[in-house]
Amino acid sequence: MPLPVQNSTATDAVLFGHDPTPRLVALHPLRQGNGADQALMRVYQRGESDGGLAVEDVPYYPFLFLTDLQALRGFPRQRFRCQTLQGRHAYRYLVVFDTWSAYHDAVRHLQAQEDARLYRIANPTQQYLMQSGRTLFKDMAFDDLHRMQLDIEVVSKPGTFPHAQRPEDRIVIIALSDNRGWHEIIDARGLSEKEMLEQLVRTIRERDPDIIEGHNIYAFDLAYITARCARHGVVFAVGRDGSAPRTFGAAMRFAERSVDLPAVDIAGRHVIDTYLQVMAFDVFKRDLPGYGLKAAARYFRLQADDRTYVKGEEIAQTWHREPERLIEYAHHDVVETERLARLLSGSAFYLTRMVPMPYGQVARTGPAAKIEALMVRAYLRQKHALPSGSGGGGRHMRGGYVNIFATGVVGPIIYADVESLYPSIMLNYDVHPETDDLGLFQVLLQRLTDLRLDAKQRMQAATRRADASALDAQQSSYKILINSFYGQLGFSVALFNDFAAADRVARIGQEIIRQVMGAIRAGGGRVVEVDTDGVLFVPPASVEGEEAERAFVDVINQQIPPGIHLGYDGRFRRMLSYKVKNYALLTYDGRVQCKGSSLVSRAMEPFGRRFVLEAIGLLLAEDVQGLHDLYVATRARLLRHEWSVEDFARTETLKENEAQYLADVTAKRRSRAAAYELAIARERETGQAVRKGEQIAYYVTGSGAHVTAFDNARLASAWNPAQPDENTDYYLRRLDECARKFAVFFHADDFARVFSLDDLFGFTPHGRELQTNWRAAESRTDASIPV
DNA sequence: AGCTGTGGCAGGGAGG
DNA sequence: CCTCCCTGCCAC
């Protein structure tokens with residue numbers, strides 16, 4: 001599946017650097033060790049003809065940015081060289097060290113001083129790339145890379161989770177595959193665990209992959225293998241220079257969620273964790289059933305043919321009774337991992353061509369770090385000083401304008417949104433950080449926008465599906481970066497932040513969306529809901545059909561500032577408007593799209609979620625009898641325990657680690673919570689550690705509708721259908737809480753009848769009409785405010 | 001060393 | 001009971 005040729009602008013100095021080195025596979029800094037104390041970068045390149053690797057050692061220099069050279073007084077001058085940078089900013093000196101020991105000594109020297117906060121230690125690998133302008137994977141296609149997948153199966157004590165520190169737990173299968181159709185299984189039938197690990201090292205070195213991929217490979221497979229190698233005295237020497245991996249703590253954020261990782265750096269290779277890629281994908285889609293390999297593979301329809309499934313708790317007995325079955329299971333795991341990686345890695349791969357970071361790092365850092373890397377590289381090339389960033393901790397900034405003007409069922413509906421609102425504002429109103437002396441913020445934003453447009457146009461013109469999907473990966477990776485420019489302005493630790501500029505973008509955004517609302521109302525439309533850059537509204541009765549609706553939006557578009565474009569983004573038969581950011585839309589082909597945490601939250605018990613979704617469908621159809629029947633039937637099933645634990649267990653994500661949680665509880669900063677208490681209890685009993693970011697499914701037991709959940713909760717896996725012990729009163733209350741959401745759509749007495757059991761006279765839907773309530777617009781939304 | 005933001009809703013626990 | 005505060009989830 002060859003990919004299209006490189007971008008026409010790939011020679012752009014700011015975006016891509018200047019180094020013409022082709023086909024660079026990986027870089028790795030050589031740190032202290034083997035007695036040698038040199039500052040060397042080992043560069044791994046693809047050979048010209050035979051496809052083999054060329055390795056070269058390039059001298060480079062670890063360095064620090066300093067605000068004030070005086071901070072280094074007392075440090076031997078002959079151990080460093082200093083470059084003064086131009087400009088007025090904080091980091092005015094680039095201090096380059098000849099050896100690693102000098103670099104580390106200088107760090108210690110500075111840390112011993114009071115003003116240690118004034119310096120910043122740069123990522124040496126990244127800085128090398130910045131200095132040279134080298135860009136990884138230039139001119140390479142994704143399929144040129146040799147990607148290997150790895151998965152291990154561990155047999156542990158019955159009823160416990162694999163634990164690398166327990167001697168009796170052991171690896172019984174190591175499954176490997178690659179994107180060239182090769183696969184291999186190393187298993188414990190003829191080999192000891194130590195021999196298996198040695199075989200693994202040999203195989204990786206012989207196959208010599210550029211990339212090692214796995215699902216949850218950081219937190220599980222590599223961490224486990226590393227610990228077992230240490231136990232057996234095996235050196236896990238899988239680096240291209242024969243070195244063992246370097247591990248370090250890292251954190252990755254996915255919107256509001258944060259995951260701690262034991263990150264791994266293998267010399268000359270890149271580690272890709274598809275678990276993180278799946279989580280990143282879900283930030284935008286938010287409809288994945290789970291982040292595990294099997295759930296994700298099914299979601300993307302990538303399952304292996306005749307997929308073998310083995311439950312976690314059955315791995316041990318399956319290994320003893322049917323080893324072939326467990327081997328097939330592990331093989332299917334690596335096959336699915338390869339497919340997931342192929343599907344989800346595209347955007348990181350294309351960004352690596354542009355951003356001065358190795359591929360593995362691109363895949364595990366957020367967009368703000370990438371933008372900053374581009375800025376810093378360009379500033380260093382021009383020998384210009386860097387700003388220090390303005391901290392700004394705790395400052396509260398303005399956000400988007402949000403409001404709702406009707407509740408109930410309304411229609412027809414047009415959705416119009418301002419395309420790329422914040423990037424458009426920054427480009428059209430020349431918003432940039434006050435500290436950006438070289439004006440690169442605007443240059444980067446404009447060029448990325450042009451690149452994305454170009455990629456999108458070529459995607460639409462592409463005739464082959466493979467080309468189109470590659471171009472889609474490119475344009476979406478540019479989009480992520482483009483949208484992060486605004487976030488960069490308001491990010492407290494970014495070097496090029498500027499809170500006043502961020503505030504100006506948000507303020508202009510609010511004015512523009514108010515202008516849009518004013519124009520819609522002036523044209524006879526009725527605005528139902530507005531959120532940041534989009535408006536849902538009922539067009540005037542004279543506007544009928546899609547063509548007329550598009551024309552109506554075009555007219556609105558004439559009335560907003562030039563350079564800002566209002567797009568026609570959808571039409572709907574009806575809308576159920578509940579609360580701000582909470583609504584449902586009925587499409588013209590009968591589908592229901594439901595939005596908002598109070599309607600579709602994954603924190604809700606699945607039975608309640610299903611009840612709410614079905615009820616919304618009935619409300620949109622104005623089927624009051626159906627609503628009543630649904631309520632009665634759901635209640636009856638609940639009372640008869642006609643369900644499984646998946647229907648009523650609540651799933652929560654742990655956002656803190658165990659120590660942090662316990663510290664917060666002790667300090668009364670937070671209350672006890674069932675999910676954490678259960679995870680901690682599980683750790684005591686089975687040894688499965690509490691991990692930040694993991695999901696816990698539990699249900700409520702005990703009696704009485706109002707019980708303290710953390711004292712009356714059990715893990716979902718402990719529920720026994722033969723002896724159902726869920727708290728029926730509690731779940732009845734939960735059902736009624738779900739039903740109460742719909743009170744606003746009825747008169748009070750009608751609501752009470754619809755969502756209750758039949759009385760002596762039975763239930764009739766007649767006369768129980770849905771209620772729609774419009775509220776007055778704010779006066780100031782109609783005003784046209786110049787921006 | 002590695003880290004994008006604000007606005008808004010629901011639910012649970014603690015304490016009056 | 002109620003309110004306040006915190007966390008988690010979601011829209012954009």
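Within every chain, numbering begins at 1; the chains are lettered A, B, ... in the order of the sequence lines, protein sequences first and strands thereafter. Side-chain atoms are counted along with the backbone in the values below, which use heavy atoms only and exclude waters and symmetry mates.
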Next item on the list: Return yes if the base of B:dG8 and the side-chain atoms of A:S597 contain a donor-acceptor N/O pair under 3.5 Å, otherwise no.
Entry: yes
With 3.5 Å as the limit, what N/O pairs link the protein to nucleotides 1-5 of chain C?
none

Notebook entry, point to check: With A:H109, which residues qualify under ring pair (Phe, Tyr, Trp, His ring centres under 6.0 Å), at least two apart?
Noted result: A:F75
Notebook entry, point to check: Contact class for A:Y578 (heavy atom, under 4.0 Å): base, sugar-phosphate, or nothing?
Noted result: sugar-phosphate
Note to self: Below 4.0 angstrom, which residues in residues 369-379 of chain A have at least one non-hydrogen atom near DNA chain B?
What the structure shows: A:A369
Note to self: Test of understanding: with ring pair (Phe, Tyr, Trp, His ring centres under 6.0 Å), list the residues that count as partners of A:Y93, not counting sequence neighbours.
What the structure shows: none
Notebook entry, point to check: For the ring pair A:F607 and A:F611, is the centre-to-centre distance below 6.0 Å?
Noted result: no
Check: Would you say the side chains of A:Y128 and A:R134 form a donor-acceptor pair under 3.5 Å?
Finding: yes
Checklist line | Residue list, side chain to side chain donor-acceptor pair (under 3.5 Å) with A:D729, at least two apart or on another chain | finding: none
Notebook entry, point to check: Counting only side-chain N and O atoms of A:Y583, is one of them less than 4.0 Å from OP1 or OP2 of B:dC9?
Noted result: no
Note to self: Please tell me whether A:Q277 and A:D273 have a donor and an acceptor in their side chains that are separated by less than 3.5 angstrom.
What the structure shows: no
What does the list of N/O pairs under 3.5 Å between the protein and nucleotides 12-16 of chain B look like, with a distance for each?
from   : atom 1 : to     : atom 2 : distance (Å)
B:dG12 : OP1    : A:Y730 : OH     : 2.9
B:dG13 : OP1    : A:A709 : N      : 2.9
B:dG13 : OP1    : A:F710 : N      : 3.2
B:dG13 : OP2    : A:A709 : N      : 3.4

Margin query: Is it the case that the ring center of A:F751 lies less than 6.0 angstrom away from the ring center of A:F742?
Written below: no
